[in-house]
There are 4 protein chains.
Amino acid sequence: MSASPGKEPRTERGRETLRKLLDAAAREFGERGFHEASISGITRQAGTALGTFYTYFDSKEAIYSALVGDMSQHVARAATAGMSRDSNGTVREGEALAAFLAFARDHKEIYRIIDEAEFADPASYRQHYTGAAERIAARLEESVKAGVVTPGDNEIRAWAIMGMNVFLGLRFGVWDTSRTIEEIAVAAEALLSEGIAAR
Amino acid sequence: MSASPGKEPRTERGRETLRKLLDAAAREFGERGFHEASISGITRQAGTALGTFYTYFDSKEAIYSALVGDMSQHVARAATAGMSRDSNGTVREGEALAAFLAFARDHKEIYRIIDEAEFADPASYRQHYTGAAERIAARLEESVKAGVVTPGDNEIRAWAIMGMNVFLGLRFGVWDTSRTIEEIAVAAEALLSEGIAAR
Amino acid sequence: MSASPGKEPRTERGRETLRKLLDAAAREFGERGFHEASISGITRQAGTALGTFYTYFDSKEAIYSALVGDMSQHVARAATAGMSRDSNGTVREGEALAAFLAFARDHKEIYRIIDEAEFADPASYRQHYTGAAERIAARLEESVKAGVVTPGDNEIRAWAIMGMNVFLGLRFGVWDTSRTIEEIAVAAEALLSEGIAAR
Amino acid sequence: MSASPGKEPRTERGRETLRKLLDAAAREFGERGFHEASISGITRQAGTALGTFYTYFDSKEAIYSALVGDMSQHVARAATAGMSRDSNGTVREGEALAAFLAFARDHKEIYRIIDEAEFADPASYRQHYTGAAERIAARLEESVKAGVVTPGDNEIRAWAIMGMNVFLGLRFGVWDTSRTIEEIAVAAEALLSEGIAAR
DNA sequence: AATGAATGAGAATTCATTCAT
DNA sequence: GATGAATGAATTCTCATTCAT
């Protein structure tokens, strides 16, 4: 399913091996990073022979790309899942941030894998963040229509919000977990809804 | 000055060679990224012999570290230089963002170099962003005292603002320059000062 | 029939598969040469599964050998077929060359396959050229008896004639076809019958 | 001198190493053929480290190409050297053949290296044989002017003569040396000067 | 200080062949 | 007979680092 073109497994046994390889790759890339990771490390963790890797993937880049795509979906799903059905506006963005922070704490390797794509697989990296920004912008659009968000340039806002989330996730999700997620999310939502200028 | 300890140049000629190596390294790392870059690529661009590299640096990591430190200072100086003497509060942050965007457009390699440090030299990466966040937080503190910014958790705010800046810089500084810097800075400052919630 | 010993097909379906493999091998070896050719390339072109190859052949060498033998027969038959029933002497050799040139133009892969056997399967190579030389020598013998060719060392002559044919075939059959076959054959026959020394 | 571009040695020590590599390559390719030969085999025979190979050559193909060029010159020089100062016409061609046969007997590896180039490095192969044919054609031209050779298509004749020589060299120079060189050369010259048709 | 040759560990990739289904 | 997944040895090539001059 995420094998290289022409290398899709045709039997059940093949599908199992492919899955083992992808799982092993997530571990290997997560632990060692793209460049330090090795195909033989992946197959060792997967419990297959070295050559088996090439039954399903063309190269190290190919499996990495497949993986980034996979994980990008996971992150998107986690953020969406964190939003309550009927919230909108800055509240909804706060929920998304909280969900993202929780996800980052649980899946530190995903952070590493997606962000290293900026250098190892730029196309996937761009696609991941462009997609995320578009989803935020679409939510803002909706909220503007609903009258809970002021009109404005939602593309710029979306990239600003995403940047906030990513850096808060790195700082308070991955590097240091001594603060509660609540705390971070509340502060960020306040900034987002009312700004910080004294009036 | 940024040579490895014990390898500082002692003559004028030595200082020149060191400078040539650092400039060449900025180009090489900027063009090819840390892992694809090679020492021989650096010395080729510097016009020196391969062995000369080790007269000034202990390793590839060492010169990379030196470079990240260098660039980190440049970025900080550029942001500071963009702020007018007597501005404060969100206005000052808007000016810092504008200055940063201008710098990013002129020095696209900084993203490649500083951000890849997350994987190639995590200590420098952390130091760069921690330093930047501290400077933002300190400015906010001042502004709170001056009464132009509401009291709040300035550490969280600082990381949020920094994230905004970094992603706006990547999206509208490096990837696509069809929007004016003004436009971006104004929208970001509005978000920052008043938020986006309708009242 | 040309399968490896003990692997001859026993059913009609088997005979078809064998034929598909041999045809595919001619294409694969012709296009890519012995070393670049791969079993999987052969089975891909044949439209069979990889493992099926080993139902009929013991190894890559085995099918290559079978193929060289096949082609060797084709070449011999083509040369013979070009000779008119009652010609002899140098006329007959001229006809054989013309037939060979026509064959080479139509089957450029034979050079690639037969000549590469010098390195990939020396026994077959030797057998091919020794056989061809013997046939030429036998024809010369006949012609000597018929009084149209002067007595002489027909083994040496046969190898000389064969060398001529092979290089004229490569140069004017495979590499460049701007000259007519007639032209080449006439010039070669003249050389062969009267030599080139002025008298 | 025959290193890959940009890899020419700059010191005496370098020139020595390059020479060792080329000599080792001639042995390795001669013994094992292009495909069976390995870089590590070459460096083992040369007594250098594996990596040293890449100080001078870009690839296995590159050193092979350099070698074919080298050997092509050797062969040409040997054939020329065998011709007596004032001979011409078919006599001269007979001398060239005798010289070539002697050379082939002494340097069987050269035969193998140049002929395998048809598959491993076609450009060099073509260049080698095209050059040889041009030299023969030029000699014939001269002899025609001198009145010792009849006018005719000297390009076709040259390729025919070259083919004769190559196959006689393979058969009676490399495969089997039970006949004397004299014997072969005399028979070939007779064929060439008077042809074999009875009159 | 500068030079550039030498080193060798390390990694990706290929592919003939085997074998269970 | 046919299938296609699994195997792993073998090979090429890279490059940071050392060192003699």
Side-chain angles (χ1 to χ4, degrees), chain A residues 7 9-18 35-43 47-61, chain B residues 7 9-14 16-18 35-43 47-62, chain C residues 7 9-14 16-18 35-43 47-62, chain D residues 7 9-18 35-43 47-61:
Chain A
K7 302 203 164 182
R10 258 174 263 268
T11 67
E12 189 50 39
R13 187 189 179 198
R15 263 181 299 277
E16 276 164 27
T17 305
L18 174 56
H35 286 97
E36 299 307 312
S38 69
I39 308 290
S40 71
I42 293 173
T43 54
T48 73
L50 180 52
T52 299
F53 177 88
Y54 293 92
T55 306
Y56 300 100
F57 296 99
D58 287 335
S59 64
K60 190 178 172 180
E61 279 74 21
Chain B
K7 301 203 164 181
R10 261 172 255 285
T11 67
E12 188 50 39
R13 183 190 179 197
E16 274 166 30
T17 306
L18 175 56
H35 285 97
E36 299 306 312
S38 67
I39 306 294
S40 74
I42 293 173
T43 54
T48 74
L50 179 53
T52 300
F53 178 88
Y54 291 91
T55 307
Y56 299 100
F57 296 99
D58 287 336
S59 65
K60 189 180 178 180
E61 279 73 18
Chain C
K7 302 204 165 180
R10 260 173 255 285
T11 68
E12 187 51 37
R13 184 190 177 197
E16 274 166 29
T17 305
L18 175 56
H35 285 98
E36 300 306 311
S38 67
I39 306 294
S40 75
I42 294 172
T43 55
T48 74
L50 179 53
T52 300
F53 178 88
Y54 291 91
T55 307
Y56 299 100
F57 296 98
D58 286 337
S59 65
K60 189 181 178 179
E61 279 73 18
Chain D
K7 303 204 163 182
R10 259 173 262 268
T11 67
E12 190 49 40
R13 187 188 179 200
R15 263 181 300 276
E16 276 164 27
T17 306
L18 175 56
H35 285 97
E36 299 308 311
S38 68
I39 309 289
S40 71
I42 293 172
T43 54
T48 73
L50 178 53
T52 299
F53 177 88
Y54 293 93
T55 305
Y56 300 100
F57 296 99
D58 287 334
S59 65
K60 190 178 171 180
E61 280 74 18

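Every chain is numbered from 1, with letters handed out A, B, ... down the list of sequences.
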*Which heavy atom in C/Gly14 sits nearest to a heavy atom in C/Pro9, and how many Å separate them?*
C-CB, 3.5 Å
*Measure from the side-chain heavy atoms of A/Tyr56 and tell me the nearest of E/dA11, F/dA5, E/dT18.*
F/dA5
*Between E/dA2 and B/Thr17, is there an OP1 or OP2 to side-chain N/O distance shorter than 4.0 Å?*
yes
*From the options E/dG4, F/dA5, F/dG1, select the nucleotide whose nearest atom is closest to the side chain of C/Arg10.*
F/dG1
*Okay, side chain of B/Lys60, backbone of B/Ser38: is any donor-acceptor separation there less than 3.5 Å?*
no
*What nucleotide, of F/dC13, F/dA2, F/dA16, holds the atom closest to the side chain of C/Thr52?*
F/dA2
*OP1 or OP2 of F/dT14 less than 4.0 angstrom from a side-chain nitrogen or oxygen of D/Tyr54, does that happen here?*
no
*Can you check the A/Glu36 CD to E/dA11 C1' distance for me, whole Å?*
11 Å
_Sugar-phosphate only, base, or nothing, as touched by D/Ile39 at under 4.0 Å among non-hydrogen atoms_ = sugar-phosphate
*Which of these nucleotides, E/dA5, F/dC13, F/dG4, is closest to any side-chain atom of C/Leu50?*
F/dG4
*asked:* To check you understand the geometry: which heavy-atom pair defines the closest contact between D/Thr43 and D/Ala49, and what is its length?
replied: CG2-O, 3.6 Å
_Given DNA chain E, 5'-ward residue of the pair C/Glu61 and D/Phe53, judged by closest heavy atom_ = D/Phe53
*Name the residue closer to the 5' end of DNA chain F, choosing between A/Thr55 and B/Asp58 according to the nucleotide with the nearest heavy atom.*
A/Thr55
*Identify the two heavy atoms, one from C/Ala62 and one from C/Phe57, that lie closest to each other, and give their separation to 0.1 Å.*
C-CD2, 4.4 Å
*Pick the nucleotide of DNA chain E nearest each of A/Ser59 and D/Lys7; which residue has the one closer to the 5' end?*
D/Lys7
*Which residue, A/Gly51 or C/Gly14, contacts DNA chain F at a nucleotide closer to its 5' end, judged by nearest heavy atom?*
C/Gly14
*Quick one: label B/Ala37 by what it contacts on the DNA or RNA (base, sugar-phosphate, nothing), any heavy atom closer than 4.0 Å.*
sugar-phosphate
*For D/Lys60 and F/dT11, give me the distance from atom NZ to atom P, rounded to whole Å.*
9 Å
*Counting side-chain heavy atoms from C-beta on, which of E/dA1, F/dG4, E/dT7 comes nearest to D/Thr48?*
E/dT7
_Gap between atom CD1 of A/Ile42 and atom CZ of A/Phe53 - 0.5 Å precision_ = 5.0 Å
